[in-house]
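So that the names make sense, note that chain A is the first sequence line, chain B the second, and so on, each numbered from 1.
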Amino acid sequence: MPELPEVETIARGLARRVTGDVIESVWLGKKPEPLKSSAREIAAAVESTRVVSVRRIGKHIVFELQRHTQKPRQAQFIVHLGMTGRLQVCHAQAEISKHTHAILKLASGRELRFIDPRRFGRLSVARRGDFDTVGIEPLEIDVDRFIPLFRGRKTPIKSALLNQKLLRGVGNIYADESLFRAGIRPRRRASTIRHDQYVKLLAAIKEVLKEAIALGGSSISDYVDDNGDEGFFQLQHRVYGREGEPCLFCKTPIRRIVIAGRSSHYCPTCQK
DNA sequence: ACTATTTCCTGGATGC
DNA sequence: TGCATCCAGGAAATAG
């Protein structure tokens with residue numbers, strides 16, 4: 001399930017492989033779900049453009065495109081991988097795998113393909129290159145802006161961390177891992193968390209995200225990067241997916257509860 | 001203005 | 001072996 005570190009890893013890999021290439025044409029599947037913009041709009045925005053760069057914004061992968069007409073025109077192709085989405089760069093002759101919803105033909109003879117069995121992923125374009133999303137990048141925020149995002153909320157801190165309108169990019173795994181490192185239970189109401197605990201929490205979030213990026217993300221179920229390589233951060237998980245296993249610090253069995261329909265893992269001894 | 005719950009979607013795991 | 005059921009979860013939609 002791609003969260004910030006996985007999306008960052010994928011975006012970097014894609015940048016390395018497709019920057020400078022030209023998108024000649026687009027094929028879009030019949031299933032409409034993965035298209036946030038209309039098929040016509042997507043085709044019009046991306047066909048005959050050069051990929052200038054690829055970057056991550058929250059959990060989105062953003063392709064910066066430039067059209068070379070008399071006047072250079074900016075546009076963006078935006079991909080959200082959802083749960084099971086993948087972007088594959090391969091030769092045009094490579095077999096088309098099941099659940100392929102979009103194919104971008106590149107001038108280099110390769111193709112950029114979007115594959116997503118569960119169809120939770122989304123494709124869209126910003127024709128003026130002005131894609132933006134609410135929420136602040138967790139790796140860029142400072143503590144003075146971080147705390148007011150959460151302080152006034154009665155919702156469990158875990159739910160608040162998953163709210164992309166506040167911080168963008170943190171998902172279920174990294175929320176659990178950050179809360180464990182900060183010693184805060186996922187059900188704690190955001191409004192009851194002390195200032196010093198928020199300082200710890202922000203430090204934990206940044207630490208976890210940076211470590212995960214360095215290891216290429218976490219491979220759970222079917223996550224692989226654009227090269228088909230798995231990440232290694234799952235080996236560093238201290239609570240996520242460890243229900244019943246002993247806490248690495250105090251040996252108390254890790255507990256799993258459901259918050260807002262999401263499984264949440266924590267140590268009942270180390271987290272208050 | 002918030003918060004909580006439901007919905008979408010399929011493959012893999014589990015149970016009988 | 002086969003069939004039904006459950007579960008994973010990001011984000012939008014809906015309800016309160």
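For the pair A:Lys59 NZ and C:dG10 C1', the computed distance is 6 Å after rounding to whole Å. Look at NE2 on A:His80: it is 7 Å from C1' on C:dA11, rounded to the nearest Å. Residue A:Leu149 contributes atom CG, which lies 12 Å from atom P of B:dT3 at whole-angstrom precision. Going from atom CG of A:Leu166 over to atom C1' of B:dT3 covers 12 Å, rounded to whole Å. What separates CG of A:Leu167 from P of C:dG10 is a distance of 14 Å, to the nearest Å. Taking atom CD1 on A:Ile259 and atom P on C:dA8, their separation rounds to 13 Å, with Å as the unit. A straight line from NZ of A:Lys98 to P of B:dC9 spans 16 Å, rounded to a whole angstrom. In this structure, A:Arg56 atom CZ and C:dG10 atom P are separated by 15 Å, rounded to whole Å.
Counting only residues at least two apart or on different chains, the salt bridge (charged side-chain N to carboxylate O under 4.0 Å, His left out) pairs with a member in residues 47-67 of chain A are A:Glu8-A:Arg56, A:Arg55-A:Glu64, A:Arg56-A:Glu137. Sequence neighbours left out, the pairs with a member in residues 126-155 of chain A that pass ring-ring contact (aromatic ring centres under 6.0 Å, His included) are A:His60-A:Phe131, A:Phe146-A:Phe150. Within the structure, side chain to side chain donor-acceptor pair (under 3.5 Å) contacts touching residues 102-114 of chain A (residues at least two apart or in different chains) are A:Asp21-A:Ser108, A:Asp21-A:Arg110, A:Lys105-A:Glu111, A:Ser108-A:Arg110, A:Glu111-A:Arg113.
One finds no side-chain N or O of A:Lys165 lying less than 4.0 angstrom from the OP1 or OP2 phosphate oxygen of C:dA11. Between A:Arg119 and C:dG10 there is no side-chain N or O to OP1 or OP2 distance below 4.0 Å. Using a 4.0 Å cut-off, no side-chain N or O of A:Arg122 falls inside it from OP1 or OP2 of C:dA11. Residue A:His99 places at least one side-chain N or O under 4.0 Å from the OP1 or OP2 atom of B:dG11.
Residues satisfying the side chain to side chain donor-acceptor pair (under 3.5 Å) test with A:Arg127, not counting sequence neighbours, are none. Qualifying salt bridge (charged side-chain N to carboxylate O under 4.0 Å, His left out) partners for A:Arg194, counting only residues two or more places apart in sequence or in other chains: A:Asp196. Take A:Lys158 and apply the side chain to side chain donor-acceptor pair (under 3.5 Å) test, not counting sequence neighbours, and it matches A:Asn172, A:Asp176, A:Ser264.
Rounded to 10 degrees, the angle separating the terminal helix axes of the helix from B:dC2-C:dG16 to B:dC16-C:dG2, each built from five base pairs, is 50°.
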Distances under 3.5 Å only, N/O to N/O: pair up the protein atoms with those of nucleotides 5-8 of chain B.
none

Please list, pair by pair, any protein nitrogen or oxygen found under 3.5 Å from a nitrogen or oxygen in nucleotides 14-16 of chain C.
none

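Remark: the backbone N or O of A:Leu162 is paired with a side-chain donor or acceptor of A:Gln164 at under 3.5 angstrom. Panel note: side chain A:His91, backbone A:Gln93; no donor-acceptor pair is recorded below 3.5 Å. In this structure, A:His99 contributes its side chain and A:Ser97 its backbone to no donor-acceptor pair below 3.5 Å.
A salt bridge does not link A:Glu177 to A:Arg238: none of the charged side-chain nitrogens sits closer than 4.0 Å to a carboxylate oxygen.
Among the protein residues, A:Arg168 comes within range of no part of the nucleic acid, since none of its heavy atoms lies under 4.0 Å from any strand.
Under a 4.5 Å side-chain heavy-atom criterion applied to ILVMFWY residues, the cluster that includes A:Val134 comprises that residue alone.
Residues of residues 154-162 of chain A having a heavy atom closer than 4.0 Å to DNA chain B, listed by number: A:Lys154, A:Thr155, A:Pro156.
Residues A:Tyr174 and A:Leu149 are members of one and the same hydrophobic cluster, defined by side-chain heavy-atom contacts under 4.5 angstrom among Ile, Leu, Val, Met, Phe, Trp and Tyr.
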Per-pair distances, 0.1 Å, donor-acceptor, side chain in residues 246-262 of chain A, under 3.5 Å, sequence neighbours excluded:
{"residue": "A:Thr252", "atom": "OG1", "partner": "A:Thr269", "partner atom": "OG1", "Å": "2.8"}
{"residue": "A:Arg256", "atom": "NE", "partner": "A:Glu243", "partner atom": "OE1", "Å": "3.4"}

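Which of C:dA8, C:dG10, B:dG11 sits closest to the side chain of A:Ser263 comes down to C:dA8.
Neither side chain, A:Gln271 nor A:Arg188, offers a donor N or O lying under 3.5 Å from an acceptor on the other.
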